[in-house]
Undergrad: 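Before anything else, here's the structure in question.
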Amino acid sequence: MSEMPKGYDPKAVEGAIFSAWQAGGYFSAKIVEGVEPYSVVIPPPNVTGSLHMGHALNNTIQDVVVRRARMQGRPTRWVVGTDHAGIATQNKVEQKIAAEGKTRQDVGREAFIEECWEWRRLYGGTIIGQLKAMGCSCDYDNERFTMDPSYQVAVRKVFVDWFEKGLVYRGNRIINWCPRCSTALSDIEVEHEDVDSHLWHLRYPLKEPVGGIDHVVVATTRPETMLGDTCIAVHPDDERYKALVGSTVILPLVGREIPIVADDYVDPAFGSGAVKVTPAHDPNDFEIGERHDCAKINLMNADATIADEGGAYAGLDRYEARKRVIADLDAAGALVKIDEHVHSVGHCYRCHTVIEPWLSDQWFVDMKPLAAPAIEAVRDGRVSFHPKRWENVYFHWMENIRDWCISRQLWWGHRIPVFYCDACGWTGASMDDLAECPTCSAAVRQDEDVLDTWFSSQLWPFATLGWPDETPEDIAYFYPTNVLSTARDILFLWVARMVMSGMYFNEGTIPFDDVIIHPTVFNAEGRRMSKSLGTGVDPLDLMEHYGADGMRFGLMLQVTGNQDIKFAEDKLLSSRNFANKIWNASRFVMMNLEGFSAGEPVAETVADRWILSRLANLSAVVDEGLTAYEFGETARALYDFFWNEFCDWYIELAKSRLSGGNAEQRLAVQRILVYVLDTALRLLHPMMPFVTEEIWRNLPLAEEDRAPSLMIAPWPDSAELSRFADTGAEASIAAVQEIVVAIRAVRARYGVSPRTKLDVVVKAPEHEMLLVEGESALIRSLAGVGTLAVSPDAEKPAHSAVATAGSLEIYVPLEGLVDFDAERDRLGKEREKAGVELDRLNKKLGNEGFLAKAAPEIVEKDRARAAELTDALAVLDVQLAELA
RNA sequence: GGGCGAUUAGCUCAGGGGGAGAGCGCUUCCUUCACACGGAAGAAGUCGUAGGUUCAAAUCCUACAUCGCCCACCA
């Protein structure tokens with residue numbers, strides 16, 4: 001190990017380390033009765049997907065919590081797999097066969113589905129391979145897929161159960177139709193966007209004038225739908241129209257006679273106060289139509305061209321029809337005016353085509369009964385969100401939940417297990433495929449549609465564990481899972497539904513205790529990362545530049561509880577450098593192990609007690625941070641400890657003892673170095689698994705501290721480490737640091753070479769003498785001091801630069817070099833600063849309210865600080881007087 | 001229309017009632033036997049605006065401004 005390369009090279013290490021983990025079998029968990037398990041299910045990436053920054057962040061978070069749990073000795077299982085992603089996959093395969101000049105109808109249902117499976121065989125493993133490159137410690141031996149045979153059984157059981165309980169039902173409703181994907185979508189799969197459009201005011205003539213009125217004006221954003229109008233609605237209290245209710249208008253262009261009805265829905269203040277009602281093409285109009293028993297004329301084909309009901313406009317695309325209808329209305333004198341108008345238009349979340357509200361027969365889930373217990377579970381804290389504010393978002397949605405349209409007019413997916421008998425009218429859901437009607441024995445046909453992909457994803461936490469009957473022992477042991485980490489955009493699509501179905505099918509047991517809603521990763525300009533827009537960053541490129549550990553740690557540094565991430569690549573740069581720092585600090589320790597034998601670390605010096613105390617503090621901070629899912633804070637604590645305390649100070653403090661001390665002293669410091677490094681590597685491992693593993697496997701540990709891999713080595717016990725806490729040592733080293741920095745500053749100010757030894761005189765009050773003398777070796781070695789003379793009544797040597805550290809006066813003789821004007825300026829500034837602070841403190845300490853009401857320890861602290869400043873000011877005054 | 005978050009150093013962001021912090025960038029010096037992906041020393045901020053609470057406000061409250069996001073049956 002003495003020939004560790006000079007720099008850390010991730011590429012040379014990561015592959016071999018990963019293979020070793022895999023060969024060791026550490027990714028899988030065995031059931032150990034009586035030991036508390038830890039389980040996490042990965043949000044299954046789409047089988048069509050490749051790793052993006054959201055995945056990189058989310059899966060690092062999961063790997064961090066999973067690796068810590070595993071090191072804590074818990075049987076730990078991170079379920080991994082992919083989602084069949086109905087629309088996305090079907091689109092990919094359709095593109096593929098389109099290149100061969102074919103449509104899916106040309107290929108046929110069965111062959112098309114086979115093409116989908118083939119596509120998955122060829123490309124479905126991409127993202128799993130990328131997770132491995134990141135070092136994610138998933139259970140790869142038990143990879144799941146939402147179309148696995150056992151998963152299909154689970155999906156079918158859920159559907160049949162809900163069907164039989166009446167929670168799944170067939171309805172003829174307005175749903176969201178994507179004309180490009182040619183399928184229904186649920187409400188939350190529609191993305192609304194404000195669009196600049198117009199409000200067209202149309203004049204509809206009355207069949208018979210009423211009280212001198214011969215027409216009504218209606219306002220619409222969708223003039224083409226007027227072809228399907230079947231009534232006009234006004235508010236019942238609207239004086240302008242009261243007399244017209246019950247009379248008839250003649251629909252322009254069409255000539256159909258339709259009634260004027262009164263309905264509370266209408267807002268008299270909007271537009272003209274009269275609404276054209278098209279029940280087949282607008283959810284509100286549908287409701288009005290239901291209340292007034294109006295016809296529902298379906299004007300649109302599945303591809304959003306006008307249907308035969310549209311008469312002269314039949315066959316036109318919806319936007320072409322709009323143009324023609326407006327032109328024709330204008331020609332007929334029915335177009336009153338056009339206003340500018342911004343309104344929200346729904347788009348398909350998969351292909352961004354404008355959604356058509358469309359009347360059709362679909363399957364729905366009755367959500368209210370499912371939502372009630374799931375609301376309660378969050379309300380009473382069985383499930384908690386991190387950050388907590390997302391609970392309000394969850395409540396708001398769940399309390400206003402609407403029924404879920406689950407049927408999709410696709411081929412790739414879980415086919416709806418409902419069978420119809422055309423002979424006798426029997427309809428039923430069945431776990432087994434049926435050939436004949438159970439009532440009349442006639443041939444039956446299966447529903448053509450498949451289920452919403454989210455219908456199957458909602459079962460992920462228990463279907464992947466073998467529910468309902470494949471591996472009941474896994475369910476019993478690993479369910480509920482401990483934490484679910486995900487992006488906020490699938491809070492409703494996925495998380496809420498997992499809580500509902502998870503509780504329903506597991507006797508009310510929640511699917512996970514904690515939900516982490518992680519920040520969204522935006523690009524440096526704050527825009528959404530998008531492959532198609534070219535605004536994204538590829539995690540694979542980042543790993544190429546910074547290593548997997550560099551990327552992971554750089555992401556962790558950016559995670560905070562309340563802010564999205566504007567991706568800052570400089571954090572990855574400093575993380576890569578951090579990995580290299582860890583590497584080289586370790587290399588230094590390894591290179592200085594002559595005569596080493598493993599053994600208990602025994603603190604012999606203040607420095608030893610200090611670093612052990614700081615290590616104990618780090619361990620506590622990391623435990624608290626990870627328990628609270630505060631990844632950014634935890635990463636910073638690790639970075640600060642390792643770099644600023646261990647490398648910058650302890651290793652420097654250790655050097656003189658390593659090279660100058662006797663064998664016993666050397667062994668003592670070696671044992672502290674190895675112990676601190678060992679513990680720090682364990683604490684760092686969840687965030688930086690590769691570099692820590694590579695170093696740790698070569699650490700010369702005692703047999704009882706060894707493990708086949710750092711990945712399964714015991715996690716540091718912060719309670720046990722707390723025995724090292726030592727505030728005295730921390731104060732002493734803080735003082736040493738202050739003196740060293742003051743001397744170094746003198747050196748830097750006068751450009752004295754680091755190789756030139758300085759002779760330093762310190763004037764210290766009696767109570768500081770012991771410290772300075774006791775640690776004089778440290779001070780001399782760290783500040784490059786030759787002789788260090790300390791006394792309470794030291795005289796300032798001639799030609800000295802001066803520095804202060806609290807009540808210490810530090811004289812650095814620099815023959816001929818000292819610029820007394822510059823010294824005076826600098827000390828003057830220091831004095832001014834100290835003076836301002838002391839004035840502020842004195843004012844505070846003279847304030848009766850402060851003395852009476854502030855916490856005593858605050859007052860005490862301020863008094864101590866004031867005394868310190870008074871001393872420092874006195875020192876500065878003396879020095880300034882000498883320079884005058 | 002309702003809700004949430006943000007506004008702190010040139011940039012990206014932590015912090016969260018009592019001495020303004022980090023990374024990157026910048027300035028000066030240093031290739032000293034772990035590391036130049038390094039070391040040392042520095043410069044740099046009226047903590048968005050206006051009120052309020054408090055002995056004490058960057059931190060809590062209210063309003064406003066700006067930016068971002070979510071929800072809502074905005075003909």
Side-chain angles (χ1 to χ4, degrees), chain A residues 4 6-8 174 188 192 194 199-200 218-222 225 233 265-267 270-278 282-288 341-344 357 387 389-390 392-393 396-397 400 488-489 491-492 520 522 524 526 546 550 554 557-558 560-571 573-592 632-633 636 639-640 644 647-648 651-652 655 659 741 744-749 751-755 783-784 837 840-841 844 847-855 857-859 861-862 865 869:
Chain A
M4 265 174 89
K6 196 172 164 189
Y8 173 58
I174 300 274
I188 47 179
H192 291 275
D194 277 353
L199 196 55
W200 286 273
V218 296
T220 181
T221 53
R222 300 208 50 196
T225 64
Y265 166 78
V266 179
D267 173 8
F270 188 90
S272 64
V275 187
K276 63 183 270 309
V277 179
T278 320
D282 181 279
N284 297 310
D285 290 10
F286 180 85
E287 298 292 329
I288 296 172
H341 186 67
V342 177
H343 69 136
S344 174
R389 66 191 138 89
W390 291 105
N392 288 328
V393 179
H396 183 257
W397 188 71
N400 296 285
R488 61 162 172 271
D489 52 356
L491 178 57
F492 307 141
T520 303
F522 295 100
Y546 305 109
L557 282 170
Q558 297 181 64
T560 67
N562 43 18
Q563 187 132 291
D564 284 330
I565 294 172
K566 252 198 263 179
F567 181 64
E569 197 161 333
D570 59 15
K571 297 292 195 302
L573 179 69
S574 49
S575 298
R576 179 201 64 171
N577 296 351
F578 184 42
N580 194 57
K581 189 72 178 180
I582 295 168
W583 181 264
N584 275 292
S586 306
R587 191 160 78 100
F588 172 81
V589 172
M590 306 282 205
M591 281 167 25
N592 285 280
E633 227 172 277
R636 273 184 291 278
Y639 184 98
D640 288 344
N644 301 334
C647 292
D648 287 351
I651 286 183
E652 295 307 318
K655 279 179 180 172
S659 58
V741 166
R744 284 173 178 168
V746 170
R747 187 190 292 280
R749 230 177 306 139
V752 180
S753 155
R755 269 170 295 194
E837 196 188 342
R840 194 178 55 76
L841 279 171
K844 221 168 139 183
N847 182 336
E848 304 233 346
F850 174 68
L851 296 175
K853 295 190 180 177
E857 62 270 22
I858 296 291
V859 178
K861 203 174 134 199
D862 281 354
R865 177 70 182 150
L869 283 167

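In this text the structure is predicted, and so the values were computed from the model without any measurement. By convention in this document, chain letters (A, B, ...) are assigned in the order of the sequence lines, proteins followed by strands, and residues within each chain are numbered from 1. Heavy-atom basis, side chains included; hydrogens, waters and symmetry copies ignored.
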Undergrad: Can you tell me whether the side chain of A:Lys571 and the base of B:A14 have a donor-acceptor pair closer than 3.5 Å?
TA: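 Donor-acceptor pair under 3.5 Å: no.
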Undergrad: State whether a side-chain donor-acceptor pair under 3.5 Å links A:Arg389 with A:Asn392.
TA: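 No, A:Asn392 and A:Arg389 have no side-chain donor paired with an acceptor closer than 3.5 Å.
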Undergrad: Using atom P of each nucleotide, how far apart are B:G17 and B:G10 to the nearest Å?
TA: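 Straight-line distance between the two P atoms is 26 Å.
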Undergrad: Examine B:A14: is either OP1 or OP2 under 4.0 Å from a nitrogen or oxygen in the side chain of A:Thr560? Give yes or no.
TA: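 For B:A14, OP1 or OP2 has a side-chain N or O of A:Thr560 closer than 4.0 Å.
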Undergrad: So, under a plain 3.5 Å distance rule, would you say the side chain of A:Glu652 forms a donor-acceptor pair with the base of B:A40?
TA: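 Under the 3.5 Å cut-off, the side chain and the base do not form any donor-acceptor pair.
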Undergrad: Assess whether one donor atom and one acceptor atom, taken from the side chain of A:Asn562 and the base of B:G5, lie less than 3.5 Å apart.
TA: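 Side chain to base: no pair below 3.5 Å.
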Undergrad: Would you say B:G38 has OP1 or OP2 under 4.0 Å from some side-chain N or O of A:Lys6?
TA: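 No, outside the criterion.
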Undergrad: Both distances below 3.5 Å, Watson-Crick or wobble geometry, any strand: find the nucleotide opposite B:C33.
TA: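 Partner of B:C33: none found under 3.5 Å.
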Undergrad: Would you mind telling me which of B:C35, B:C30, B:A41 lies closest to the side-chain atoms of A:Arg755?
TA: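 That would be B:C30.
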Undergrad: Got a donor-acceptor pair under 3.5 Å from the side chain of A:Ser574 to the base of B:C24?
TA: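 Such a pair does not exist between side chain and base.
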Undergrad: Counting Watson-Crick and G-U wobble pairs only, both distances under 3.5 Å, name the nucleotide matched with B:G42, or none.
TA: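 For B:G42, the partner nucleotide comes out as B:C26, under the 3.5 Å rule.
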Undergrad: Within the pair A:Asn400 and B:A72, is there a side-chain N or O less than 4.0 Å away from OP1 or OP2?
TA: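 Answer no for this pair, as no side-chain N or O of A:Asn400 is under 4.0 Å from OP1 or OP2.
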Undergrad: I'd like to know whether CD of A:Glu857 has more than 12 heavy-atom contacts from other residues, nucleotides or ligands below 6.0 angstrom.
TA: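 More than 12 heavy atoms, drawn from other residues, nucleotides or ligands, come within 6.0 Å of this atom.
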